[in-house]
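Atoms within a ligand are numbered from 1 in the order they appear, just like the ligands themselves. For the numbers below, each heavy atom of this structure counts, side chains included, while hydrogens, waters and symmetry mates do not. Count residues from 1 along the sequence.
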Amino acid sequence: MPYKEFRLNGTVGKPLVRRGGREKVTGAAKFTAEWPIDGMLYAVPVISTIAKGRIVSIDTDAARKTPGVHLVLTPENAPSIKQISTMSPANNQTSLASSIYPVSGYDVYHAGQLIAAVVADRFETARDAALLVKVKYDPSKHITDIEEAPADERPKSLFGAPPVIEIGNAEKELKSSPISIDSEYTLAGNHHNPMEPHATTAHWTTTDGKPFLTVYDATQGLVAAKMTYAQIFGLKPEQVRVICQYVGGGFGSKTSWPHAILAIACAKIANAPVKLSVSRQHLYGAVGHRTPMRQRVSIGADRDGTIRSIIHSGVATTSQKDDYAEAFTMATRMMYRTIALRLDQKQCRVDTQSPTFMRAPAETPGMYALESAIDELAVALNMDPIELRIKNEPEQDLHQKKPFSSRLLVDCLKQGAEKFGWKERSMKPREKKDSPWLIGMGVAAATYPAFSSPTSARVTLNADGTARIDCCSQEIGTGTETVQTQLLADLLDIAPTRVTMELGDTDLPPGGLSGGSATTMSVGGAIVKAVDKLKSELSNLGQSGSKLATAKPDRIKFEKGRVVVEDEATSFEDLLKERNRTSVTGLGEFNAGRDAPTSNHSFGATFVEVAVDEELGLIRLRRILGQYACGTLLNANTARSQFIGGIIMGVGHALQEETRWDHRLGRITNDNIAEYHIPVNADIPHIEIGWNDTPDFQASPIGAKGIGEIGITGVAAAIANAIYNATGKRLRRLPMTAEQILA
Ligand code: MOS
């Protein structure tokens with residue numbers, strides 16, 4: 001066991017009310033675009049209207065002459081912008097997500113590229129003047145359609161793994177399987193559309209004769225953002241501070257994109273603080289998206305359902321300048337037992353902004369295809385799809401050849417089926433009616449890896465029995481402050497109301513990027529280490545001759561505001577007073593390293609009941625149930641909300657969300673949330689959440705694996721499978737819309 005097991009008997013797991021909730025609903029919470037700075041100017045970008053080519057000229061005269069305009073920034077007058085490598089699993093020193101830099105040259109790589117900016121004393125003035133900037137282009141032929149771009153390339157790596165994986169002879173096993181299926185699935189591109197706009201306010205000052213850059217940035221990774229801006233603008237890390245107290249949704253898109261670089265460049269040249277808040281329309285080119293995809297899954301099995309072969313292949317797009325690869329075959333490496341496996345991912349380059357992580361990248365699109373295919377196989381076998389999954393439960397991770405830290409997928413399927421009333425489902429489609437509706441049930445497995453990132457945290461214990469956590473993590477909306485204060489409260493055996501947490505400022509000990517559902521485990525792991533350090537510090541304060549003075553940290557316990565070693569107990573207050581101290585601190589660092597002895601993932605099962613009106617093509621969700629096993633859950637309230645949020649995003653992915661390009665122009669046509677559809681309350685039925693919270697200390701120093709993203713994985717397949725059960729029609733394109741029912 002890589003981590004020491006411990007048991008907490010306080011508030012961990014309890015549904016404590018989340019911190020910051022009141023501030024958010026009353027408007028007191030300060031989001032990035034809301035930080036006021038004296039003398040602040042506003043930047044509005046000018047974006048390219050062509051998808052590919054060169055800028056011939058930028059006429060800024062009319063914009064510059066507009067009263068209130070301070071600056072029009074173009075490649076002509078831009079400061080030096082150093083090009084650096086983008087973020088990757090091996091490089092956590094940057095959060096840069098796109099190599100398409102603003103104001104750094106005259107090449108156009110996609111429509112909506114930020115090519116200039118107008119800076120004015122009022123936002124409205126800047127927006128107005130930006131329309132007066134006249135850009136002349138020399139366009140060249142572009143491709144934005146995945147169907148047109150040649151898929152003649154393989155990604156360099158899929159989060160560190162090769163794009164082709166072969167175990168046995170999958171083609172041969174498929175051919176010799178008595179039962180087989182072979183299906184293609186098509187997925188539309190998606191944009192994240194967080195409620196809070198992407199925004200950056202940059203402020204250059206001078207400290208000790210040297211430039212100092214303060215950045216208020218809407219980001220999922222403050223420390224990486226700081227390193228990014230330092231490198232790009234030729235500063236030492238200590239010359240940059242990034243602040244972000246709240247994030248109003250990121251979903252993978254709030255890393256560092258051109259708008260942030262543009263804001264910092266504008267502030268430098270304007271010699272004033274500059275705010276750039278990305279409009280909903282500009283978001284579609286300014287930041288990344290989930291790529292469109294085509295996937296093919298073939299599965300062969302014996303008549304009793306034993307899987308012999310799985311082949312999962314396909315293509316995703318990437319941009320001309322970057323190599324982001326949507327790793328949709330990733331989960332297929334380890335989901336089921338099979339004699340032979342072949343995974344093969346290709347990519348094609350299109351003239352768009354770089355695609356990027358979008359909530360549960362890899363697993364969301366991949367599990368849609370795989371779990372649809374498993375359902376198709378169950379139909380071909382005339383077998384219950386839960387039975388089929390249980391029959392092919394693997395002994396270990398097939399690709400990594402390691403045991404699972406914990407799995408519990410079968411438990412989730414069985415428990416979920418029981419609660420959902422799965423036995424009411426008809427094996428045959430079109431059997432259940434509630435006229436004019438056809439009713440169907442579907443199930444799909446969910447999974448997400450248990451990632452972590454290197455994180456430091458400082459714990460301070462005060463003489464009055466209060467405590468504080470300092471960690472430059474970020475509150476991306478999930479309740480980090482709430483759950484981590486619960487954790488520390490239990491570790492110190494004090495009330496959670498006595499614990500506070502400071503985050504969102506790079507002056508604090510460095511935390512990791514909040515992506516990959518990694519934050520809870522990473523910050524928690526650092527806190528556990530910090531408490532060990534704190535115990536050593538307390539031991540140093542022990543009176544000579546006392547058991548405390550010679551005790552190893554392991555033997556020091558906290559009980560009701562006292563430090564206890566065997567039969568000796570001293571209150572925090574007395575201990576600190578004796579030494580004239582008001583507080584003691586411990587700094588902890590957590591780094592899981594890269595070579596876990598086990599394959600670490602969370603698992604779950606998603607159940608859906610749909611109603612379909614075939615005459616009108618309507619698809620209505622009636623009920624959804626998600627049953628999960630993600631290790632310890634620190635807070636029942638925030639956990640439930642996370643799972644529900646994931647499921648709702650899955651509903652959007654399944655039934656509504658689609659970025660539409662006009663391929664003739666290479667431009668996105670639905671660049672607003674009137675036409676880019678996301679679920680509203682009326683689209684969402686009752687959602688029931690259940691879990692098995694057996695701790696997983698094999699995968700996590702606090703027994704908890706991430707829960708931010710698993711909720712979305714499997715939703716699209718469960719809905720597709722339910723639609724098949726209702727209608728007998730297999731929909732193989734996302735989003736699944738009325739046209740496909742009517743076709
Ligand atoms: Mo998440 S897409 O890993 O921010």
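- The pair Asp397-Lys402 does not count as a salt bridge, with every side-chain nitrogen at least 4.0 angstrom from each carboxylate oxygen.
- Atom CZ of Arg640 sits in a sparse spot, with 12 or fewer heavy atoms from other residues, nucleotides or ligands closer than 6.0 Å.
- Here the two rings, on Phe31 and Tyr246, have centers that are under 6.0 Å apart.
- Atoms of ligand 1 lying under 4.0 Å from any heavy atom of Pro361, numbered from 1 in the order shown and given with element: 2 (S).
- Considering both main-chain and side-chain atoms, Met358 never comes within under 3.5 Å of ligand 1 through any nitrogen or oxygen pair.
- Phe357 has its ring centre less than 6.0 Å from the ring centre of Tyr324.
- For ligand 1, the atoms closer than 4.0 angstrom to any heavy atom of Gln220 are 4 (O).
- Checked by distance only, ligand 1 and Glu709 come closer than 3.5 Å through their nitrogen or oxygen atoms.
- Taking the side chain as every heavy atom from C-beta outward, Cys471 and Met501 approach each other to under 4.5 Å.
- With ligand atoms numbered from 1 in the order given, ligand 1 contributes 2 (S) to contacts under 4.0 Å with heavy atoms of Arg359.
- At least one side-chain heavy atom of Met335 sits under 4.5 Å from a side-chain heavy atom of Leu409.
- The single protein non-hydrogen atom nearest to atom 3 (O) of ligand 1 is Gly516 N, 2.6 Å, given as residue, atom name and distance.
- Contact atoms of ligand 1 toward Phe251: 2 (S), 4 (O) (distance under 4.0 Å to a heavy atom of the residue).
- Heavy-atom contacts of Gly515 reach the following atoms of ligand 1: 3 (O), 4 (O) (cutoff under 4.0 Å).
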